[in-house]
Structure formats: structure tokens, C-alpha cells
Student: 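Below: one structure in C-alpha cells.
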Amino acid sequence: MIKIGDVVLDNHIIVGPMAGISNYSFRSIIKQFNPALIYSEMISDKAICYENKKTIKMTEVDENEKPITLQLFGKDVDTLVKAAQFLDNNTNCDIIDLNMGCPVPKVCKSNGGSSLMLDVEYSSQIVKAICDNVKKPVTVKIRAGWDSNHINGVDFACQMAKTGIKALAIHPRTRAQYYSGHSDWNMIKQIKEKITSIPIIGNGDIFSLQDYLNMKQLTHCDFFMVSRGSLGNPWLIKQLVDYDKYSVITENPTMIEKLNQCILHCQKLIELKGEKTGIKEMRGHACWYINSMPHANKVKAQINHMENYQQFVQIIESYRTMIENDDFSQLDDIN
């Protein structure tokens, strides 16, 4: 039986947290492809403590998207514990995660995210206090370290394993790297070899089935977390799940399937955030969906200027017709 704490999971594929992306609309799209577990985007501990309405809304969990991890970020023991207790007692989430990997300056300047890795003793106190005060399983997500002079991911992970957490996710890039260069999968391997008491979740640079197989062969980690690889390509999750469960290689989606899914994604985003905000956020998602498709750059330029759902549908449906007919002579007339 596959488990994190007492949470039973169906497979070994996890969809990781992405700030500004892993909201309910995105999670409902991803859920169709049957990952074992989905993470929410980061949620501020202090905003929960201040009972911010927008933040409290972010903690709502639909029964259909379970199992789900709600991820907290912050730096103060008291507010993190209070926020974790709120998630424990007042939400339908299955797991509570503490973010210690976010590289965004706004988060790090307030001593949250990756900056917590600069003080392992204090971070251990935070995590132990959370574990001691909630019933739901607690996990943490870390990076390789702060920068090339402070690579402490292995030692940090070993300390975290002593706090009471039920799993640890590692994205083996430093904070200074952000998402540049390559993640050091050897660090995942080292952590897995040293820690046998809890599952280790490998994260970083899984963009294909072959990437997943390579990470699995090298690291032997327990779970595999996909984040950026799912943007515009939720079918990757299905490919990994199908192989993980059945050793079956699933075909890539057609371009028409991608465009149909893109429209559905837009509808869900507008339903969640309203047309103005939904269309603005959909510009990025739509561009991810059409990456590598014919004349994608021209279509992206039009997408980035769309103002409403009607324009969006017109662009996508016109593009779909061109693909079906293999005729792009009218591409410049899309508006």
C-alpha cells in the first residue's frame, strides 16, 4: 500500500505547487489525469491568521480533488502553528506542507521559503512545533540550499526527518539558481540513501516519461513530483501514471486535443476568477498549450493581446481550423 502518513495514495506521481498557478481551476484540470496527490499554491500563514477572505478561499478543497496537500509559507513559529491548526481543523485537506524552497525575493526577504534553509536549528523547531500540534500528516519541501556556497540539502533533510514529518520533497537546485541550469538528482539519491524512515519525493526537470525513468533509475526515490512539466501538458501526468501503474506507454495528445483542453481550462479559470482576471492569467496557460505547434509564435502574439473570452475562443477555434485543414494562409487575420 502506497502511503504518506495515513493518507493512502494510488500511485507515485505527484503534482507540485506553483505560485499563481496551482489554484482550483488548474487542479481540477490536472485531477482528470489521476495523479496520486496534488499540491495547492503557497498560502500565507499570516493571511490565514488575519482571516483574509481571499486567502481563506484558497484553503477550500473540493471533494473531487482529494487527496490534496495545502502548502503554507511563513517564518514565525506561532503563526505557522496557528495556520497549520486552521488547516487541520477547518479544511478538507489531507496533508499540510511547509514551503522551504520558494526562491521568490518577496518571500525570501521576509525570511520565508528558501531562506529558512540558512538556519536548520530554527527551521527544525518550526516543523516540530507544527507536527506536535496537528493531527494531519506534515511534510516539507526544500531546495539544495541557498547558493553554491551554502549547499546543505542532504544535512538539512536529515534534520527534517527527525521532526515528525511524514515525507520530504527535494528540488535540488539552489535558491540562487531559481529554475536555471539543471537540478542535481544525485542529491535526491544521497537523501534517499540516508533517510529510510519517511518517503522521499524527487522534484526537478521531469518534462517527459524518459525524465521520470531516468530519475527513478538514479535516485530510487519514493515519489516523483512534476511541476513546470505539466504546464500546457497535463497529459504528461497521465503518461507517468499509466507507466507507473501498468508499465504502459501512452501516446502524446493531438494538437486538436490540446486546443480543446485549452478552452476547457479557460472556462474553469473564468469560473474561478471572473472573465477579466481569468483571461489575463489564461494568456500564459494558452501559450504553454500551443508550444511547439505550427506558427505558435504568431498565435501567441495574438493570445497575449486578447481581452475577453470571445476573442480567446475566436483565436483558438480559427487556429484549430487551420490545423485541421493544414492551411495557415489566414493566420494574420485572426483577431
Side-chain angles (χ1 to χ4, degrees), residues 2-5 7 9 11-19 21-22 27 30 35-43 67-73 84 93-103 107 112-114 116-117 120 123-124 126-127 130-131 136-145 152-175 177 179 183-206 211-212 215-216 218-230 237 240 244:
I2 309 169
K3 299 173 71 174
I4 292 180
V7 179
L9 303 179
N11 58 77
H12 299 88
I13 309 303
I14 294 173
V15 180
M18 291 175 281
I21 292 174
S22 302
R27 298 195 306 262
I30 289 293
L37 181 68
I38 305 174
Y39 277 57
S40 73
E41 57 188 321
M42 293 188 306
I43 303 170
I68 185 172
T69 296
L70 293 184
Q71 186 185 66
L72 290 172
F73 76 95
C93 76
D94 301 278
I95 296 170
I96 300 167
D97 184 77
L98 178 60
N99 181 295
M100 293 188 176
C102 179
V107 174
S114 296
L116 287 170
M117 293 193 66
V120 64
S123 296
S124 296
I126 292 175
V127 177
I130 294 173
C131 292
K136 291 177 179 177
V138 176
T139 61
V140 298
K141 187 171 187 289
I142 68 172
R143 280 198 166 224
N152 63 336
V154 176
D155 291 339
F156 195 91
C158 290
Q159 290 301 311
M160 288 297 109
K162 300 175 183 177
T163 62
I165 62 172
K166 301 303 182 183
L168 180 138
I170 169 68
H171 178 175
R173 280 183 172 90
T174 65
R175 185 266 175 181
Q177 283 181 283
Y179 300 100
S183 55
D184 180 11
W185 289 355
N186 282 305
M187 178 174 284
I188 302 174
K189 179 177 184 288
Q190 293 173 48
I191 290 173
K192 175 57 185 172
E193 289 173 346
K194 285 182 173 291
I195 300 175
T196 58
S197 57
I198 58 173
I200 301 301
I201 305 167
N203 178 221
D205 295 343
I206 299 180
D211 292 335
Y212 152 78
M215 181 186 281
K216 184 176 184 179
L218 175 65
T219 70
H220 302 288
C221 60
D222 302 281
F223 293 94
F224 303 85
M225 179 180 283
V226 181
S227 300
R228 291 176 298 140
S230 67
I237 304 304
L240 301 189
D244 181 75

Student: If you take all heavy atoms of Gly153 and Met187, which pair is closest and at what distance?
Tutor: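 So the two residues come closest at CA-SD, 3.9 Å.
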
Student: Working to the nearest 0.5 Å, report the span between NZ of Lys189 and CG of Asp184.
Tutor: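 Interatomic distance, Lys189 NZ to Asp184 CG, rounded to 0.5 Å: 11.5 Å.
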
Student: Can you run down the side-chain hydrogen bond (donor to acceptor under 3.5 Å, both in side chains) pairs that involve residues 153-172, sequence neighbours left out, and say none if there aren't any?
Tutor: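 Qualifying pairs: His171-Arg173.
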
Student: State, to 0.1 Å, how close Cys221 and Met215 come at their nearest heavy-atom pair, and which atoms those are.
Tutor: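 Cys221 and Met215 have their closest heavy atoms at SG-SD, 4.3 Å.
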
Student: Identify, with sequence neighbours excluded, every residue that meets side-chain contact (heavy atoms from CB on, under 4.5 Å) alongside Asn152.
Tutor: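 With sequence neighbours excluded, Asn152 shows a side-chain contact (heavy atoms from CB on, under 4.5 Å) to Met117, Phe156, given in chain and number order.
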
Student: If we check side chain to side chain contact (heavy atoms under 4.5 Å, CB included) with Phe223, which of these qualifies: Ile201, Asn203, Ile200?
Tutor: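 So, applying the side chain to side chain contact (heavy atoms under 4.5 Å, CB included) to Phe223 and each of Ile201, Asn203, Ile200, only Ile201 qualifies.
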
Student: Run the side-chain contact (heavy atoms from CB on, under 4.5 Å) test against Asn11 and tell me which residues pass, sequence neighbours left out.
Tutor: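 Counting only residues at least two positions away or on another chain, Asn11 forms a side-chain contact (heavy atoms from CB on, under 4.5 Å) with Ile13, Ala36, Val241, Asp244, Lys245.
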
Student: For Arg175, what residues pass the salt bridge (charged side-chain N to carboxylate O under 4.0 Å, His left out) criterion, not counting sequence neighbours?
Tutor: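 Testing Arg175 for salt bridge (charged side-chain N to carboxylate O under 4.0 Å, His left out), a comparison that skips the adjacent residues, returns none.
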
Student: Find out whether Cys158 and Ile195 are in side-chain contact, i.e. whether some heavy atom of one side chain is under 4.5 Å from a heavy atom of the other.
Tutor: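 Yes, their side chains come closer than 4.5 Å.
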
Student: Quick one: side chain to side chain donor-acceptor pair (under 3.5 Å) partners of Asp97, sequence neighbours excluded?
Tutor: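 Side chain to side chain donor-acceptor pair (under 3.5 Å) check on Asp97 returns Gln71, Thr139.
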
Student: Ignoring hydrogens and geometry, is there a side-chain-to-backbone donor-acceptor pair from Asp94 to Ile68 under 3.5 Å?
Tutor: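 Answer holds: yes.
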
Student: Residues two or more places apart in sequence or in another chain: which of them pass side chain to side chain donor-acceptor pair (under 3.5 Å) with Lys136?
Tutor: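 Applying side chain to side chain donor-acceptor pair (under 3.5 Å) to Lys136 gives none.
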
Student: Might you point out which heavy atoms bring Ile30 and Pro35 nearest each other, and give the distance in Å?
Tutor: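 Smallest interatomic distance, heavy atoms only, reads O-CD, 3.4 Å.
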
Student: List the residues meeting side chain to side chain donor-acceptor pair (under 3.5 Å) with Thr219, not counting sequence neighbours, and say none if there are none.
Tutor: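 Not a single residue meets the side chain to side chain donor-acceptor pair (under 3.5 Å) criterion with Thr219.
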
Student: If you take all heavy atoms of Leu218 and Asn186, which pair is closest and at what distance?
Tutor: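 Looking at all heavy atoms of both residues, the shortest contact is CD1-OD1, 3.9 Å.
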
Student: How would you list, by chain and number, every residue that makes a ring pair (Phe, Tyr, Trp, His ring centres under 6.0 Å) with Phe224, sequence neighbours excluded?
Tutor: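 Scan of Phe224 (ring pair (Phe, Tyr, Trp, His ring centres under 6.0 Å), adjacent residues dropped) gives Tyr212.
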
Student: Which atoms form the tightest heavy-atom contact between Ser40 and Leu70, and what is the distance?
Tutor: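 Between these two residues, the closest heavy atoms are OG-CA, 3.4 Å.
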
Student: Kindly write out the residues that satisfy side chain to side chain donor-acceptor pair (under 3.5 Å) with Ser22, not counting sequence neighbours, or none if the list is empty.
Tutor: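 If we apply the side chain to side chain donor-acceptor pair (under 3.5 Å) test to Ser22, skipping adjacent residues, there are no hits.
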
Student: What do you reckon, is NZ of Lys192 surrounded by more than 12 foreign heavy atoms closer than 6.0 Å?
Tutor: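 Enclosed: over 12 neighbouring heavy atoms sit under 6.0 Å from NZ of Lys192.
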
